[in-house]
Amino acid sequence: MKLTGKVFKYGDNVDTDVIIPARYLNNSDPRELAAHCMEDIDENFAQEVAEGDIIVGGKNFGSGSSREHAPLAIKTAGVSCVIAESFARIFYRNSINIGLPILTSPEAVKGIKAGARLAVDLDSGEIKDLDTDQTYQAAPFPEFMQDIIKAGGLIEKVKGEVG
């Protein structure tokens, strides 16, 4: 699976309350959550993000609560994947469960600038900065996780297997 998009770059310890502020968690509509995604760290994110864009974050991306609202808000906003130096464990699992690809690549995080255009190959883990022609490597997902992502999440994968 290949993705292309513009980078929105953030630093270390972007927690789930920054991704989707707690004051919006009383709403379960994914589109409403997406409308407020990242607003406490980047007030223009929801208006500027386009389908396929990519978030690049630093260490410990997605720390905080165990709610699926954070990766759901990111995915529904149109983000095709998140690349970070490291992820909080529960955010990592929640992302895969809802079909949001996340890749770990400290080298990519250090080298990629905000606004860059990236091409990401989820099958190989290759990340290419289209502005600089620099290529970075992330560990590709195991096949079973790729199947979950391609299905649109764990629930959709199970529905496809049962139906």
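Start at 1 with the first residue, then count along the sequence. What you see is a predicted model; the values in this text were computed from it and never measured.
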Participant: Lys159 vs Glu156, test: salt bridge (Lys or Arg N to Asp or Glu O under 4.0 Å). Steps then yes/no.
Facilitator: CA-CA 5 Å; Lys159 281 183 188 175; Glu156 294 304 315; 3.4 Å; yes
Participant: Please walk me through it: do Ile112 and Tyr136 pass side chain to side chain contact (heavy atoms under 4.5 Å, CB included)?
Facilitator: CA-CA 10 Å; Ile112 295 169; Tyr136 306 95; 3.8 Å; yes
Participant: Restricting to non-hydrogen atoms, name the atom on Asn94 and the atom on Arg67 that form the minimum distance, rounded to 0.1 Å.
Facilitator: ND2-O, 3.5 Å
Participant: With no hydrogens and no angle check, is any side-chain donor or acceptor of Gln137 less than 3.5 Å from a backbone partner on Ser124?
Facilitator: yes
Participant: Which pair of non-hydrogen atoms, one from Cys37 and one from Ile20, has the smallest distance, and what is that distance?
Facilitator: N-CD1, 4.4 Å
Participant: For the residue pair Gly125 and Pro140, what are the closest heavy atoms and their distance?
Facilitator: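 Residues Gly125 and Pro140, closest heavy atoms: N-CB, 4.0 Å.
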Participant: Phe141 vs Tyr92 aromatic rings, parallel, tilted or perpendicular, using cut-offs 30° and 60°?
Facilitator: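 Tilted: the ring planes of Phe141 and Tyr92 meet at 30° to 60°.
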Participant: Should Asn97 and Ile148 count as side-chain neighbours, where that means a heavy-atom distance under 4.5 Å?
Facilitator: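 Contact flag for Asn97/Ile148 side chains = no.
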Participant: What donor-acceptor contacts under 3.5 angstrom involve side-chain atoms of residues 47-61, with partners at least two apart or in another chain?
Facilitator:
residue : atom : partner : partner atom : Å
Asp53   : OD1  : Lys6    : N            : 3.0
Asp53   : OD2  : Ala50   : N            : 2.8
Asn60   : ND2  : Asn13   : OD1          : 3.1

Participant: Is there a continuous path of hydrophobic side-chain contacts, each under 4.5 Å between heavy atoms, that joins Leu130 to Val79?
Facilitator: no
Participant: Would you sort out whether Val7 and Lys113 count as a side chain to side chain contact (heavy atoms under 4.5 Å, CB included), showing the intermediate values?
Facilitator: CA-CA 7 Å; Val7 170; Lys113 306 288 184 224; over 6 Å; no
Participant: Got more than 12 heavy atoms from elsewhere within 6.0 Å of CD1, Ile155?
Facilitator: no
Participant: When rounded to the nearest 0.5 angstrom, what is the spacing between CD1 in Ile90 and OG in Ser63?
Facilitator: 12.5 Å
Participant: Is there a side chain to side chain contact (heavy atoms under 4.5 Å, CB included) between Ile19 and Met38 once you walk through the steps?
Facilitator: CA-CA 4 Å; Ile19 296 168; Met38 308 302 276; 3.9 Å; yes
Participant: Answer yes or no: are there more than 12 heavy-atom neighbours, outside Arg23 itself, under 6.0 Å from its atom CZ?
Facilitator: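 Yes, the 6.0 Å shell around CZ holds more than 12 heavy atoms from other groups.
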Participant: Check for a donor-acceptor pair, side chain of Ser95 on one end and backbone N or O of Pro71 on the other, with a separation under 3.5 Å.
Facilitator: no
Participant: Can you name the nearest heavy-atom pair linking Val120 to Cys81, along with the distance?
Facilitator: CG2-SG, 4.3 Å
Participant: Once rounded to the nearest 0.5 Å, what's the spacing between atom OH of Tyr10 and atom CG of Asp42?
Facilitator: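 Tyr10 OH to Asp42 CG: 3.5 Å, rounded to 0.5 Å.
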Participant: Could you report the tightest heavy-atom contact between Lys75 and Gly152, atom names first, then the distance?
Facilitator: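 Minimum heavy-atom contact is NZ-O, 3.3 Å.
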Participant: So how far is it from Thr135 OG1 to Leu118 CG, rounded to the nearest 0.5 Å?
Facilitator: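 Between atom OG1 of Thr135 and atom CG of Leu118 there are 10.5 Å.
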Participant: In Å, rounded to the nearest 0.5 Å, how long is the span from CG of Leu103 to CD of Glu126?
Facilitator: 11.5 Å
Participant: With side chains defined as the heavy atoms from C-beta onward, is the minimum distance between Thr76 and Leu33 less than 4.5 Å?
Facilitator: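 Sidechains of Leu33 and Thr76: no contact.
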Participant: Under the salt bridge (Lys or Arg N to Asp or Glu O under 4.0 Å) definition, can you give me all pairs with a residue in residues 130-153, not counting sequence neighbours?
Facilitator: Asp123-Lys150, Lys128-Asp133
Participant: Got a second to check how far Ser105's OG is from Glu85's CD, nearest 0.5 Å?
Facilitator: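 Answer for the OG-CD pair, Ser105 versus Glu85, is 9.0 Å.
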Participant: Say you draw a straight line from CD of Glu107 to CD1 of Ile83; how long is it, rounded to the nearest 0.5 Å?
Facilitator: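 Rounded to the nearest 0.5 Å, the CD-CD1 separation comes out at 12.0 Å.
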Participant: Transitively linked via ILVMFWY side-chain contacts under 4.5 Å: Ile98 with Met1?
Facilitator: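 Yes, one cluster joins them.
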Participant: At their closest point, which heavy atom of Ala77 faces which heavy atom of Ala34, and how far apart are they?
Facilitator: N-CB, 3.5 Å
